[in-house]
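Presented below is the structure to which this report refers.
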Amino acid sequence: MGRKPPAGQQDGKAPAFLFRLLGPVELEADTGRVTFRGKQAALLAALLLQADRMISTQRLAEAVWGQALPSDPASRIRMLISEVRRACAALDADVIGTQRPGYVLRLGPGRLDLACFQSQVSLAREAMAEGRCEEALARYDEALAWWRGPPLGGVTGLFTEAQTEWLDGLRLDALEERQSVLLELGRDTEVVTRARALAAEAPLRERLHGQLMRALHRSGRRGEALEVYRQFRTRLVKELGLEPTNELQEVQRQILRSDTAPTRRQDEPAPETSLPMPGQLPAAPAAFTNRSRELRELDLHLACDAGSVGVAVISGPGGIGKTWLALHWAHTRRDRYPDGQLYVNLRGFDNIEEPLSPSAVLRHFLTALGVPPTVIPADQEPQAALYRSVLAERRLLIVLDNARNSAQVTPLVPGRPGCTVLVTSRNRLVSLHATHSAQLLEVGAFSDEESYRMLSHHIGPRTLADDPASVAVLLEHSGGLPLALGVLAARASAQPGFPLSVLAQELRDPATRLDALQTGDLGAGLRAVFASSYAALDARASRLFLLLGTAPGPDIGLPGAAALSGLPSAETRALLSTLETANLVRQLSPGRYWMHDLVRLYAAERIEADLPPETRNQALARLVETYTAMACAADRVLSPHRPAIAAPPLTAYVPAVEDAAAALSWFETELPCLLAAQLLAPELGLDVTAWQLAWGMSTFLLRRFHIRERLATWRLALAAAERLDDPHTTAVVLWHTGYAHATRDPVDEAAGHLERALKLFEQAGDRPLLAQVHHTMGWMWSIRGQPRRGLDHAQTALRLQREGGDPIWEASALGAVGWIRLQLGEHEAARDACEQALTIFRRHRYLDGEAATLDSLGKLAFHRGDHERALEYYGQCLDLRKGTGNAFQSADTLVALGDAHHALGNAAEARAAWRDALALYESQHRRANGERVRKKLVNAGNSDSRGRDGIG
């Protein structure tokens with residue numbers, strides 16, 4: 001499915017609602033306004049500050065309560081989410097979605113005041129960089145107009161305090177930048193007035209005091225300017241133990257010399273000095289967009305620090321925009337480095353030329369710094385010593401682009417504070433963190449909104465608005481890679497007469513997708529970028545890289561990768577670490593590895609040429625069989641009394657599943673991979689594995705109410721069974737296929753499959769499985785409104801199970817008989833059957849059966865009017881279902897628990913149970929059930945209101 005352009009930009013209309021953080025936390029719409037306070041405001045602020053990104057329930061709880069978490073934070077967060085959702089929905093702003101293991105708030109452009117503020121600031125900076133000062137001033141004024149008071153007004157807590165400090169910093173940055181524009185325009189009086197007020201608010205902001213000094217000096221108020229410096233230095237030394245930076249000291253020296261222009265403008269020539277001031281930065285990237293978080297982190301880490309050399313490493317896969325980010329930061333912060341900027345492309349991943357040696361770079365840098373070539377030593381170590389000596393009293397920015405490893409970088413790091421080193425690399429260069437306290441900044445792909453903004457900058461908003469369907473394809477298949485977006489923008493600009501649908505059509509087809517992301521320049525497309533990273537791998541790492549490109553599912557765990565590689569887990573982990581260091585895979589969570597869609601496409605393309613088909617197929621077969629073995633083992637933990645099948649054995653590198661909680665967690669994580677593996681199995685000739693994998697997933701899919709997935713897996717299993725032409729396998733698969741159809745499709749289809757299964761088991765004389773099919777048919781007819789017909793099947797299942805001598809399945813059949821007799825109104829017979837079943841289940845400690853029987857007994861007690869007893873049964877049932885991870889039936893039990901509380905007049909307890917049930921129904925997409933519970937809550941609220949009115 002293609003991605004859509006961000007909401008609010010498809011038709012050019014203003015967004016229907018706006019969230020505000022730059023003041024009180026509010027939602028504003030044409031129809032009204034909601035101000036959020038307390039924990040609701042803290043929760044909403046956390047979601048808005050990470051808009052379009054999933055935030056886990058744990059992180060949300062920490063944002064709301066800090067370290068003093070409540071006893072059940074997940075439940076409290078669900079309640080807060082429901083409250084905030086309702087408030088937002090009242091103004092047609094249904095933007096909060098559930099995404100395991102937390103929530104995501106999806107915003108279109110122009111729907112958050114912070115984003116609007118930052119957008120205007122970016123436009124102001126672009127205008128200023130291009131010399132359009134009046135326009136820049138107007139943009140800064142528009143940006144600052146979004147502020148309505150202290151950010152996140154009225155919200156308290158450690159998280160909020162940290163975010164408030166950051167937001168205040170953004171505002172002060174914009175105000176300082178606006179002051180710089182006024183200085184360029186010669187409006188010194190305004191600068192003095194505003195800077196004095198700001199200096200009182202931010203007494204340690206050096207740039208602000210420098211602006212005030214310049215404006216005073218240029219206004220002829222030399223003494224006042226020097227007094228500002230004296231007071232600022234005194235405060236800085238006293239509070240932080242630091243001296244002002246070289247830049248501010250130079251402003252003071254120039255004022256003391258009575259210079260009329262203490263700071264030169266960008267268009268003025270540099271004064272003559274004894275040593276040259278290099279300015280080697282390549283041109284700044286045109287129309288740079290996004291990366292505000294990364295720029296902020298660079299600012300925080302590379303702030304002028306008198307105690308150390310600032311070092312930062314920007315890492316990420318090829319095409320992610322590392323160099324663009326480094327150059328943009330370097331150009332916009334170059335005024336911090338009065339002695340110039342050094343730049344070199346280290347060619348760490350160049351397919352044509354060898355990487356540059358540190359010695360070659362040192363010779364280049366020393367020459368640029370004014371050292372005569374004749375005195376530069378021949379060897380690297382004395383070169384590095386001379387380099388450190390030349391830089392000892394200077395403040396320079398050194399940009400080292402495309403480093404291959406830390407060894408290329410270490411000799412180029414200065415020895416004394418004052419300089420900053422900014423490195424880009426496809427590898428993470430972790431050792432630089434250990435040796436030089438380098439900040440390691442990983443750069444990720446753009447979000448849809450960021451991608452749209454970049455395309456809009458290059459192609460134009462009108463072109464995008466004219467064809468939103470094609471734009472959605474461009475967004476989806478560029479994968480958020482800035483290089484891919486840049487190529488698409490270049491191609492669209494080069495052929496303005498071609499509609500975007502031409503590019504979109506090329507991108508839709510995987511066979512031509514990488515071709516669409518090429519330009520006519522050698523090495524400018526994604527293939528060239530990926531090829532250089534691939535070429536840098538050794539043979540074993542490159543083989544695993546290729547196999548990962550064809551693995552089913554969106555990611556892979558270590559056991560799956562080990563099966564794919566055919567190597568022990570330790571060796572596979574080392575190879576994955578190599579790929580992760582090269583930014584060809586990412587470890588999204590411990591032991592889970594993910595490959596970008598376009599990198600995966602390149603790997604799949606290369607595997608055709610670099611790996612024999614039989615090697616690929618053998619690796620994939622090992623992976624599918626490993627998934628099947630693990631699924632069946634985990635299923636056995638979830639449902640130990642289920643009939644067993646001859647599943648593939650677990651290999652040595654697969655860890656055992658310890659308990660039901662671990663099994664459920666494993667299924668939650670691996671489900672997309674398991675579903676994809678089952679689809680792949682028939683292509684590999686693994687029909688037996690295809691139906692066994694359906695069996696392994698069945699219990700989990702049933703407990704988690706994944707109806708569509710469960711039905712799809714058994715349809716695939718049935719096709720595989722029919723190709724195998726084995727009557728027993730066919731009967732087993734028909735039974736489960738009918739079971740999967742029973743709840744949602746025409747009953748005839750489900751009954752047809754089950755009747756066929758009955759005949760095959762009867763012919764084979766397999767009485768245990770014959771009993772199972774009768775059990776399923778009894779349940780099916782009872783939920784389809786024909787309980788009398790269902791009772792016949794349930795009683796047949798009970799007779800067969802008693803003859804077979806399996807107490808667990810005898811109890812299950814008794815429970816089914818009791819449930820159906822309850823539906824028929826035969827309460828005494830129902831109670832007798834259920835109590836017999838409960839005794840057996842408890843004797844054998846079968847928790848699932850015990851929970852189901854307690855649920856039936858609760859319903860019986862409720863029907864008799866014994867609500868206290870019903871409450872007791874439902875409470876025990878809920879505890880068991882929570883313990884086994886049965887979230888699907890837990891929701892139903894919570895509704896019944898709420899009903900019992902309501903009948904007893906426990907209004908608060910009833911509402912709490914119903915709210916918890918509603919949260920589960922919403923997470924399971926059970927809309928009809930959710931609506932019924934919502935009505936209960938509304939009616940209960942109305943009843944409470946009428947009661948209060950009567951008392952009043």
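Since we're looking at a predicted model, the values are computed, not measured.
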Going by heavy atoms in the side chains, are [X] and [Y] under 4.5 Å from each other?
| X | Y | answer |
| --- | --- | --- |
| W594 | I556 | no |
| Y103 | I77 | yes |
| R934 | E922 | yes |
| L701 | I707 | no |
| H902 | W914 | yes |
| C88 | L27 | yes |
| R453 | E450 | yes |
| D299 | R333 | yes |

Of all heavy-atom pairs between [X] and [Y], which one has the smallest distance, and what is that distance?
| X | Y | value |
| --- | --- | --- |
| R911 | L937 | O-CD2, 3.8 Å |
| P24 | T35 | CB-CG2, 4.3 Å |
| V155 | V25 | CG2-CG2, 4.0 Å |
| G480 | S451 | CA-OG, 3.7 Å |
| L144 | A174 | CD2-CB, 4.1 Å |
| L107 | D52 | N-OD1, 3.2 Å |

How many angstroms lie between atom [atom1] of [X] and atom [atom2] of [Y], to the nearest 0.5 angstrom?
| X | Y | atom1 | atom2 | value |
| --- | --- | --- | --- | --- |
| Y452 | L475 | OH | CG | 8.5 Å |
| D30 | L91 | CG | CG | 10.0 Å |
| F36 | L43 | CZ | CG | 9.5 Å |
| N290 | H328 | CG | NE2 | 10.5 Å |
| D855 | Q876 | CG | CD | 12.0 Å |
| L80 | L44 | CG | CG | 11.0 Å |

Salt-bridge test for [X] and [Y]: reply yes if a basic N is under 4.0 Å from a carboxylate O, no otherwise.
| X | Y | value |
| --- | --- | --- |
| E83 | R78 | no |
| R881 | D848 | no |
| R139 | E126 | no |
| R926 | D892 | yes |
| K935 | E931 | no |

Judged by atom type as modelled, is there a donor-acceptor pair below 3.5 Å linking the side chain of [X] to the main-chain atoms of [Y]?
| X | Y | value |
| --- | --- | --- |
| H433 | A438 | yes |
| S56 | R59 | yes |
| R178 | D141 | no |
| E62 | T57 | no |
| H901 | A907 | no |
| T893 | Q889 | yes |
| S75 | D72 | no |
| R106 | R53 | no |
| N906 | E909 | no |
| T164 | L152 | no |

Review point. Under the 6.0 Å and 45° cation-pi test, does R704 pair with F667?
Key: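 No, R704 and F667 do not form such a contact.
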Should the heavy atoms of other residues, nucleotides or ligands under 6.0 Å from [atom1] of [X] be counted, would the total exceed 12?
| X | atom1 | answer |
| --- | --- | --- |
| R148 | CZ | yes |
| R927 | CZ | no |
| R586 | CZ | no |

Practice item. Evaluate the side-chain hydrogen bond (donor to acceptor under 3.5 Å, both in side chains) criterion for residues E580 and Y593: first the C-alpha distance (whole Å), next the side-chain angles of each, then the deciding distance (0.1 Å), finally the verdict. Key: CA-CA 9 Å; E580 188 182 5; Y593 299 87; 5.0 Å; no
Practice item. Could you check E294 against K322 for salt bridge (Lys or Arg N to Asp or Glu O under 4.0 Å), going step by step and ending with a plain yes or no? Key: CA-CA 10 Å; E294 290 84 354; K322 302 179 294 294; over 6 Å; no
Exercise for review: Evaluate the salt bridge (Lys or Arg N to Asp or Glu O under 4.0 Å) criterion for residues D173 and R207: first the C-alpha distance (whole Å), next the side-chain angles of each, then the deciding distance (0.1 Å), finally the verdict.
Suggested key: CA-CA 10 Å; D173 286 345; R207 181 182 184 185; 5.9 Å; no
Practice item. List the steps and the verdict of side chain to side chain contact (heavy atoms under 4.5 Å, CB included) for L920 and S890. Key: CA-CA 8 Å; L920 282 175; S890 290; 4.2 Å; yes
Point to revise | From CA spacing to verdict: side chain to side chain contact (heavy atoms under 4.5 Å, CB included), W329, R291 | key: CA-CA 10 Å; W329 187 89; R291 302 298 189 204; over 6 Å; no
**Study point:** Worked verdict on F17 versus E28 for side chain to side chain contact (heavy atoms under 4.5 Å, CB included)
**Key:** CA-CA 6 Å; F17 56 84; E28 183 180 290; over 6 Å; no
Practice item. Run the numbers on L702 and F888 for side chain to side chain contact (heavy atoms under 4.5 Å, CB included), then give the verdict. Key: CA-CA 8 Å; L702 184 61; F888 171 63; 5.8 Å; no
